[in-house]
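What you see is a predicted model, and the numbers here were worked out from it, not measured in a lab.
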Amino acid sequence: MNILVIGSGGREHALGWKIKQSKKAKNLYFAPGNAGTLEFGTNLEVGVSDFQGLKKAVLENEIDLIVVGPEVPLVEGIHDFFVGDPEIRNVKVVGPKKTGAQLEGSKDFAKDFMMRHNIPTARYFSVTKNNLDEGIEFLGSLTAPYVLKADGLAAGKGVLIINDLSEAQNSLREMLAGKFGQASKKVVIEEFLSGVEVSVFVITDGKDYKLLPEAKDYKRIGEGDTGLNTGGMGAISPVPFVDEEFISKVESRIIIPTINGLKVDQIEYNGFIFFGLINVNGDPFVIEYNVRMGDPETEAVLLRVKSDLVDLLEGAADGTLSEKEVEFEERTAVTVMLVAGGYPESYEKGKVISGLNRVANSTVFHAGTKMQENSVVTNGGRVLAVSSLGENMTEALATSYRNAELIQFEKKYYRKDLGFDL
Ligand code: AMP
Ligand code: GLY
């Protein structure tokens, strides 16, 4: 099978790494990919939202299956685009259609879905400029801190958590006035939930699902979970508090009702569902749905999936997932993200990366890199995900940290405290 992975981050490099291990994979392509993905396949100079360009690439390279890494093309309807065109409708697309992708593309849609199907989540109220007064009133009925979420995609920046009521009221007004553009023309106000977060992943064909290893993601730039939010500074899998009792609550209260809800609502869905959960005194609540794998979670999680990923992707696309098995690696996997100094605020690109050839016992997934005059250079805020397996978290982290030191680029930064809370 010829396979195309859409995206250019560490998640897509990790997907390609795992796909390449399958006997079923023939030629592998990435659109647009990065310097790391060149090791496994061909990078195509096509953007993730350029559907016509992707169609052309798919026809030229006789691609049989597409895995969509990021949420944007899914929310924009890439799957519907392929199904709707007779020339490419036989190409298998792993990822939901536009309606299913609304679980991530609209917080209001997701909340409404959860209410309808009795899935535990924070109490909420959706506001537009037409019911601002009720929104202000709802804020007043909550206790601090106040959670305000832009309804639409905002590149991970659309959630504000504010301690002061009048400041929250002002921010609500600013959001509705366009603080996050179209994305915040509608705002979801939520009750604040207190607990530890965990990312749980499934692959589904819309009828059945297979649980993948869970992970904990470190979102803040600073040690001790301080400072600005990032795309993710590292991940650890498994997560100690996710024991059999907890995961069985997650399955019975959240995953199964979600899959059934999609069926009841007649939303055709195949691909990944990423449940962003919070553990509130032993009970799981949904903070958010994502309709794709997590980044950097994928760079740890896939180290623990022993099964053939292409077989699972095919199962999801063909509706034969019930015939598949997912086997987990028992050891602990971690990923440590090396980022460009300054990130998530302004940072420089184009810094030469050295020392990659000195890495031992870790797999380095490229997140923001490109080839420039035969050198690998930085090309994003998150640069490299140094992933390792170990008998336990301490051992796996020690391996990643040892290798993180061997890799050099100007103003390299990484968090040295991953796992501090586990
Ligand atoms: P989201 O984009 O919905 O995942 O929100 C981003 C982050 O905000 C989450 O990872 C949580 O840390 C935090 N957050 C979102 N909703 C809530 C909530 N209801 N209670 C507490 N924290 C929240
Ligand atoms: N690591 C969080 C995300 O992928 O959204």
Sub-4.5 Å side-chain heavy-atom contact between Leu228 and Glu345 = yes
Just so I know, are the side chains of Phe420 and Tyr218 near enough to count as touching, which here means a heavy-atom distance under 4.5 Å? yes
Regarding Tyr146 and Glu190, do their side chains bring together a donor and an acceptor under 3.5 Å, going by distance alone? no
The reported gap from OH in Tyr124 to CG in Asp108 (rounded to nearest 0.5 angstrom) is 5.5 Å
- request: Inspect the contact between Asp151 and Lys185 and indicate whether a charged nitrogen and a carboxylate oxygen are less than 4.0 angstrom apart.
  value: no
Rounded to the nearest 0.5 angstrom, the CD1-CE distance for Ile273 and Met293 is 12.0 Å
| field | Worked check of side-chain hydrogen bond (donor to acceptor under 3.5 Å, both in side chains) between Ser22 and Asp308 | value | CA-CA 6 Å; Ser22 168; Asp308 182 326; 2.9 Å; yes
For residues 95-104, which side-chain donor-acceptor pairs fall under 3.5 Å, sequence neighbours excluded?
unit_1	atom_1	unit_2	atom_2	d
Lys97	NZ	Glu268	OE1	2.9
Glu104	OE1	Val291	N	2.8
Glu104	OE1	Arg292	NE	3.3
Glu104	OE2	Arg292	NE	3.1
Glu104	OE2	Arg292	NH2	3.1

Look only at the side chain of Asn131 and the backbone of Thr128, and say whether a donor-acceptor pair between them is shorter than 3.5 Å.
-> yes
Check: Can you find a heavy atom in the side chain of Val386 that is under 4.5 Å from one in the side chain of Thr335?
Finding: no
Between the CG atom in Leu277 and the CD1 atom in Ile255, the distance rounded to the nearest 0.5 Å is 7.5 Å
All heavy atoms of Val336 vs all of Leu397, minimum pair found to be CG2-CD2, 4.3 Å
Legend entry - Aromatic ring pairing His13/Phe40, orientation class (parallel under 30°, perpendicular over 60°, tilted between): tilted
**Report entry** Pair Glu314 + Lys24: basic N to acidic O under 4.0 Å
**Finding:** yes
Whether Ser375 side chain and Met371 backbone form a donor-acceptor pair below 3.5 Å: no
Report yes if some heavy atom in the side chain of Ile259 is under 4.5 Å from a heavy atom in the side chain of Thr204; otherwise report no. yes
Within the side chain of Asp318, is there an N or O that forms a donor-acceptor pair under 3.5 Å with the backbone of Thr320? no
| For Ile267, does its backbone N or O pair with a side-chain atom of Asp265 as donor and acceptor, under 3.5 Å? | no
For Glu87, the salt bridge (Lys or Arg N to Asp or Glu O under 4.0 Å) test, sequence neighbours excluded, returns Lys55
- Item | Test item: Asp50 side-chain N/O and Val46 main-chain N/O as donor-acceptor pair under 3.5 Å | no
Looking only at heavy atoms, the pair that brings Pro257 and Ile119 closest together is CB-CG1, 3.7 Å
Practice item. Would you sort out whether Leu4 and Val58 count as a side chain to side chain contact (heavy atoms under 4.5 Å, CB included), showing the intermediate values? Key: CA-CA 8 Å; Leu4 169 65; Val58 161; 3.9 Å; yes
Worksheet item: Is there a donor-acceptor pair under 3.5 Å between the side chain of Lys18 and the backbone N or O of Val305?
Response: yes
dist Glu299:CD -> Ser387:OG (nearest 0.5 Å) comes out at 6.0 Å
Residues Leu389 and Ala333: closest non-hydrogen pair is CD2-CB, 3.7 Å
* Could you tell me whether Lys107 and Glu288 make a salt bridge, using a distance below 4.0 angstrom between a side-chain N and a carboxylate O? => yes
(request) Inspect the contact between Asp112 and Arg116 and indicate whether a charged nitrogen and a carboxylate oxygen are less than 4.0 angstrom apart. (result) yes
Here the gap from Leu303 atom CG to Phe328 atom CZ, rounded to the nearest 0.5 Å, amounts to 13.5 Å
| Is the backbone N or O of Ile407 less than 3.5 Å from a side-chain atom of Lys412, with the two atoms forming a donor-acceptor pair by type? | yes
Whether Phe241 and Phe246 hold their rings parallel, tilted or perpendicular, with breakpoints at 30° and 60° | perpendicular
**Asked** Should Lys324 and Asp208 count as an ion pair when the cut-off is N to O under 4.0 Å?
**Response** no
Closest non-hydrogen contact found for His366 with Gly36 is ND1-N, 3.2 Å
| query | Quick check, are the ring centers of Phe275 and Tyr289 under 6.0 angstrom apart? | reply | yes
For a 4.5 angstrom cut-off between non-hydrogen side-chain atoms, does Ile6 reach Glu12? no
Of Val5, Val91, Leu54, Ile3, the one forming a side chain to side chain contact (heavy atoms under 4.5 Å, CB included) with Ile66 is Val91
Do the side chains of Val127 and Phe125 get nearer than 4.5 Å, heavy atoms only? yes
Problem set entry | Side-chain (Thr37) to main-chain (Gly33) donor-acceptor, under 3.5 angstrom | no
Shortest non-hydrogen pair, Asp205 vs Ser322, comes out as OD2-N, 4.4 Å
Okay, side chain of Arg415, backbone of Arg220: is any donor-acceptor separation there less than 3.5 Å? yes
Would you call Lys216 and Asp421 a salt bridge, using N to O less than 4.0 angstrom?
yes
Q) Where does the angle between the aromatic ring planes of Phe113 and Phe109 fall among parallel (under 30°), tilted (30 to 60°) and perpendicular (over 60°)? A) parallel
In terms of heavy-atom contacts, Arg253 and Pro284 come closest through NH1-CD, 4.0 Å
d(Met114 CE, His117 NE2) to nearest 0.5 Å is 11.0 Å
| Are Lys351 and Glu348 within salt-bridge range, i.e. N to O under 4.0 Å? | yes
Do Leu160 and Met175 have side chains that get closer than 4.5 Å, going by heavy atoms? yes
Can you check whether Thr369 reaches Val377 side chain to side chain, under 4.5 Å on heavy atoms? no
Taken in chain and number order and not counting sequence neighbours, the residues that satisfy side chain to side chain contact (heavy atoms under 4.5 Å, CB included) with Ala317 are Lys92, Val94
Does Arg382 reach the main-chain N or O of Ala367 with its side chain, forming a donor-acceptor pair under 3.5 Å? no
Dump the intermediate steps for salt bridge (charged side-chain N to carboxylate O under 4.0 Å, His left out) on Lys416 and Glu223, then the final yes or no. CA-CA 7 Å; Lys416 298 186 177 67; Glu223 290 175 2; 5.1 Å; no
